[in-house]
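Worksheet: the structure to be examined is printed underneath.
Not measured: the values here are computed from a predicted model.
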Amino acid sequence: MDNRDSENRKEELYSQVISAGKRRYFFDVKETRGGDKFITISESRKLFDNRTGEFYFEKNKMFLYKEDFEKFQKGLENAFSFVETGVVPPSVEDGRERFHSEDINMDGSSAIDDIDLNF
């Protein structure tokens, strides 16, 4: 084991894996050298490569820092609530420019993309 593996294991304080069909979710609590804790949320999906005939794993990861926990939790709760009820919950206030669901088209593009700027 090289030094990087050893360092990565030392900074991981807690880990939980949730299996969900072809996906696995990993919730890992780590610590920076300065002692600040943060969470990494990873998704791993098992996919098949038709070209090679082999399975492989596609991984995605995000980092969630302590100062954002409360807003992230509220945003996640709002998304869960909308899925369950269909009622749009109030926005999470963060003091920055906010995007609302009505600002995004169903294809993921911004509503501003629909403005014709050719005059």
Exceeds 12 heavy-atom contacts within 6.0 angstrom, atom CD of Glu70: no
Heavy-atom check, side chain of Arg45 versus side chain of Lys22, under 4.5 Å: no
Ring pair (Phe, Tyr, Trp, His ring centres under 6.0 Å), paired with Phe38, selected from Tyr65, Phe27, Tyr14, Phe72: Tyr65
Nearest-0.5 Å distance, NZ of residue Lys74 to OG of residue Ser91: 11.0 Å
Parallel, tilted or perpendicular: rings of Phe48 and Phe55 (30°, 60°): perpendicular
Phe69 CZ: over 12 foreign heavy atoms closer than 6.0 Å: yes
Any side-chain heavy-atom pair of Thr40 and Lys30 under 4.5 Å: yes
Inter-residue atom distance Tyr25.OH - Asn60.CG, 0.5 Å rounding: 10.0 Å
Partners passing salt bridge (Lys or Arg N to Asp or Glu O under 4.0 Å) against Glu84 (at least two apart in sequence or in another chain): none
Between CG on residue Leu64 and CG on residue Asp28, distance to nearest 0.5 Å: 12.5 Å
Point-to-point distance, once rounded to the nearest 0.5 Å, from OG of Ser44 to NZ of Lys59: 5.5 Å
From Glu67 atom CD to Asp36 atom CG, the distance as rounded to the nearest 0.5 Å: 8.0 Å
Check against side-chain contact (heavy atoms from CB on, under 4.5 Å), Met62 and Ile41: CA-CA 5 Å; Met62 69 176 267; Ile41 301 171; 3.9 Å; yes
